[in-house]
Protein chains: 2
Amino acid sequence: MGEERRPTLEMVARRAGVGRGTVSRVINGSSRVSPDTREAVRAAIAELGYVPNRAARALVTRRTDTVALVVSEPEERLFDQPFFSGIVRGVSAVLTDRGLQLLLATARTAADHERLGDYLSGGHVDGVLLVSLHTDDPLPDRLAGAGVPVVLGGRPLYPPRHPVHYVDIDNVGGAASATRRLIEGGRRRIATVAGPADMAAGQDRLRGHREALAEAGLPDAPELTVHGDFSHDGGARAMRELLDAAPDLDAVFAASDDMALGVLRTLRESGRRVPEDVALVGYDDTAAAAHTDPPLTTVHQPTERMGGEMARLLADTAIAEGPDAKPQAVVLDTRLVVRESG
Amino acid sequence: MGEERRPTLEMVARRAGVGRGTVSRVINGSSRVSPDTREAVRAAIAELGYVPNRAARALVTRRTDTVALVVSEPEERLFDQPFFSGIVRGVSAVLTDRGLQLLLATARTAADHERLGDYLSGGHVDGVLLVSLHTDDPLPDRLAGAGVPVVLGGRPLYPPRHPVHYVDIDNVGGAASATRRLIEGGRRRIATVAGPADMAAGQDRLRGHREALAEAGLPDAPELTVHGDFSHDGGARAMRELLDAAPDLDAVFAASDDMALGVLRTLRESGRRVPEDVALVGYDDTAAAAHTDPPLTTVHQPTERMGGEMARLLADTAIAEGPDAKPQAVVLDTRLVVRESG
DNA sequence: CCCCTGTATGGGAGCGCTCCCACGCCGGGG
DNA sequence: CCCCGGCGTGGGAGCGCTCCCATACAGGGG
């Protein structure tokens with residue numbers, strides 16, 4: 001029942017014996033205020049426990065100081081992965097730093113998606129971070145078209161109608177480094193369990209793999225490439241196909257650690273030793289990778305930095321400079337984590 | 001630059017040839033409006049692409065329609081776990097349904113924590129969902145003290161000064177079912193790798209384990225209990241201790257799947273077969289559990305439902321009824337997932 | 001000694017909405 | 001036929017803030 005109201009700027013002003021404008025100036029540090037006045041206002045704020053009302057401020061400034069992180073991938077696929085958690089961590093840190101809030105939005109059904117689009121175009125957020133790994137997501141274009149500042153996590157799969165800022169991880173380079181490692185280990189019949197062809201990450205990792213092969217003058221035999229769905233079981237299945245088509249393979253590059261685990265299982269079931277008979281390199285550097293038997297050599301992705309860069313790009317460029325800012329692409333490097341599997 | 005302003009309620013009113021009040025009534029469906037008028041207003045809204053301004057509404061209603069999800073655990077520990085992702089999913093779904101927004105807040109440093117407390121007490125959100133697994137977190141009491149509606153995920157470890165709503169998963173029952181399974185399998189020297197003693201989940205799972213033991217008339221030998229930190233390596237370490245102190249044990253209940261993986265590794269290193277020599281049951285039902293060798297018997301937690309219940313409790317009780325609502329506790333059941341390890 | 005410039009400050013206007021009071025109109029009962 | 005009640009509606013007030021114009025005062029130059 002207390003029903004006591006929070007103190008307002010007006011009350012602070014009266015208490016400090018100044019005008020509202022002055023208090024506002026002190027809070028926003030904008031224009032010059034004499035030291036004495038400033039102190040008096042500060043004291044009044046402290047005594048009253050005053051906290052500015054965001055809604056009131058937003059109403060006049062037309063800025064909400066809120067940024068949405070939209071995960072439009074079926075979350076089942078994304079949330080559990082360190083990929084997502086790293087991004088949240090990085091985003092969160094930078095945003096906090098800038099005094100911005102993080103609104104987390106997920107859309108499962110198409111209706112959700114529709115509503116989310118309306119909402120985000122409605123001016124309720126200052127900008128949107130979009131982690132949308134699939135090609136057919138209409139949200140980026142829709143938001144960009146509505147003039148909402150957007151930064152993508154991961155490169156756009158097709159050239160979008162409205163050019164956008166994005167932050168990506170160098171999947172091509174990362175995959176190349178994985179395959180190169182296999183080549184340097186003396187392997188010659190190197191297979192790959194690639195990711196889904198409709199995801200940029202899947203495409204790029206396959207390309208990196210092929211580049212490394214070409215670099216070494218190794219043929220890119222079609223029977224040595226199978227597509228998986230980034231899952232454990234998908235990896236196991238793909239490996240079985242691979243083994244059927246090319247029983248003499250001596251190495252595998254799996255485009256995700258989850259798939260690598262499936263590969264490992266199938267390999268073991270087939271009686272092959274890792275890395276003696278078949279060397280294996282994964283991708284993602286998940287927690288599990290360090291604990292497999294043998295421990296998995298894999299490619300580490302700077303997910304937290306990715307989140308940080310996304311937030312930075314959004315706040316400092318997309319929002320600050322508006323729709324006329326030149327679209328920027330930030331691409332982050334990976335790091336090969338050498339363990340025992342390959 | 002376009003700089004075109006979004007349509008306002010006033011513009012809708014003019015276009016529909018009615019007063020602002022009427023438009024507001026149509027939007028909020030509150031009071032009665034004649035069908036004709038309603039249709040006219042709807043049409044005007046559609047034509048203009050009008051979206052209500054949340055800030056303006058919040059200013060007058062003093063509600064923000066925003067709920068914060070606070071993860072005050074070091075995220076390293078929490079984010080990667082399906083536990084967290086399930087909660088987010090459940091929370092998100094219910095909130096969307098209620099027209100509420102999800103503000104995700106994480107606090108790493110003590111300063112963050114302090115600031116977060118100020119922020120959340122400042123009336124910027126209508127309520128707070130708190131997933132804070134540690135005992136020494138001052139946030140719940142602080143917020144409850146400030147009159148902010150709060151729902152905890154996980155039971156409060158100590159009786160809080162301000163009684164709070166919470167949603168918990170039946171850790172005691174879940175652990176008991178795990179240990180009971182071991183007992184029914186004919187095991188008699190059943191060890192446990194317990195969780196941290198300063199977490200409610202850790203305590204409760206240990207208690208459940210002991211209850212099952214007592215139920216079966218089995219002694220609770222001190223050398224059969226070791227505490228781990230919920231991590232893989234922690235589990236491996238704990239298992240080594242256990243093996244030193246009680247080499248004759250014939251079963252292990254690990255209070256988390258991550259720890260169970262470590263246990264599994266140590267067991268294999270010691271030359272013991274699972275489940276022939278030592279049966280093993282884990283807890284959490286992580287993705288990895290299905291793919292270990294042998295596949296891990298474990299306890300599934302309804303994390304998504306937990307998130308949903310938290311959101312529901314917050315929206316329908318804590319916020320709706322205010323601080324005088326009788327504190328409610330919702331406890332959800334677990335499900336034993338029987339695979340091959342025990 | 002006055003004017004002009006610049007700095008510090010007060011406070012009106014107004015952001016877009018909801019709340020609520022007041023008003024017009026209708027029909028039924030007296 | 002008049003009055004009263006109630007429904008449907010219009011619009012003033014005001015939420016708490018920022019913006020900006022106006023004002024006040026202090027100095028320095030003419």
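- Where G17(A) and N28(B) each meet DNA chain C at their nearest nucleotide, the meeting point lying more 5' is that of G17(A).
- Annotation: side chain to side chain contact (heavy atoms under 4.5 Å, CB included) contacts of R15(B) (sequence neighbours excluded): A44(B), E47(B), L48(B).
- Here Q328(B) pairs with H165(B), L313(B), T317(B) under the side chain to side chain contact (heavy atoms under 4.5 Å, CB included) rule; sequence neighbours left out.
- Among the protein residues, G123(B) comes within range of no part of the nucleic acid, since none of its heavy atoms lies under 4.0 Å from any strand.
- Applying the salt bridge (charged side-chain N to carboxylate O under 4.0 Å, His left out) test to R42(B) and every residue at least two apart in sequence or in another chain returns E39(B).
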Listed pairs, N/O of protein and of nucleotides 20-26 of chain C, under 3.5 Å:
residue	atom	partner	partner atom	Å
dC20(C)	N4	R25(B)	NH2	3.3

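- The ring pair (Phe, Tyr, Trp, His ring centres under 6.0 Å) pairs that include a residue from residues 34-69 of chain A number zero, where partners must be two or more places apart or lie in different chains.
- The backbone N or O of E304(B) lies less than 3.5 Å from no partner atom in the side chain of R89(B), so there is not a single donor-acceptor pair.
- Not one N or O on the side chain of S24(A) forms a donor-acceptor pair closer than 3.5 Å with the backbone of R20(A).
- Between chain B and DNA chain D, the heavy-atom contact criterion of under 4.0 Å yields a 5' to 3' nucleotide range of dG8(D) to dG16(D).
- Taking 4.0 angstrom as the limit, T22(A) places none of its side-chain polar atoms (N or O) nearer than this to OP1 or OP2 of dT9(C).
- Between the side chain of D126(B) and the backbone N or O of T64(B), at least one donor-acceptor pair lies under 3.5 Å.
- Contact annotation: R32(A) reaches the phosphate of dA8(C) (side-chain N/O to OP1 or OP2, under 4.0 Å).
- Helix-axis bend for the helix from dC1(C)-dG30(D) to dG30(C)-dC1(D): the local axis fitted to the five terminal pairs at one end deviates from that at the other end by 70°, rounded to 10°.
- Only Y50(A), P52(A), N53(A), A56(A), R57(A), L59(A), V60(A), T61(A), listed by number, bring a heavy atom of residues 38-62 of chain A to less than 4.0 angstrom from any atom of DNA chain D.
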Let me have the donor-acceptor pairs involving side chains of residues 90-100 of chain A, under 3.5 Å, with sequence neighbours excluded, atom names and distances please.
residue	atom	partner	partner atom	Å
S92(A)	OG	T106(B)	OG1	2.7
T96(A)	OG1	S92(A)	O	2.7
R98(A)	NE	D316(A)	OD1	3.0
R98(A)	NH2	D316(A)	OD2	2.8

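- Shown here are the side chain to side chain contact (heavy atoms under 4.5 Å, CB included) partners of R14(B), two or more places apart in sequence or in another chain: E10(B), M11(B).
- No side-chain donor-acceptor contact under 3.5 Å links R38(A) to the backbone of V26(A).
- Contacts of R312(A) classified as salt bridge (charged side-chain N to carboxylate O under 4.0 Å, His left out), with partners at least two apart in sequence or in another chain: E309(A).
- Remark: S121(A) pairs with R142(A), L143(A), A146(A) by the side chain to side chain contact (heavy atoms under 4.5 Å, CB included) rule, at least two apart or across chains.
- Between R57(B) atom CZ and R63(B) atom CZ the span is 9.5 Å, to the nearest 0.5 Å.
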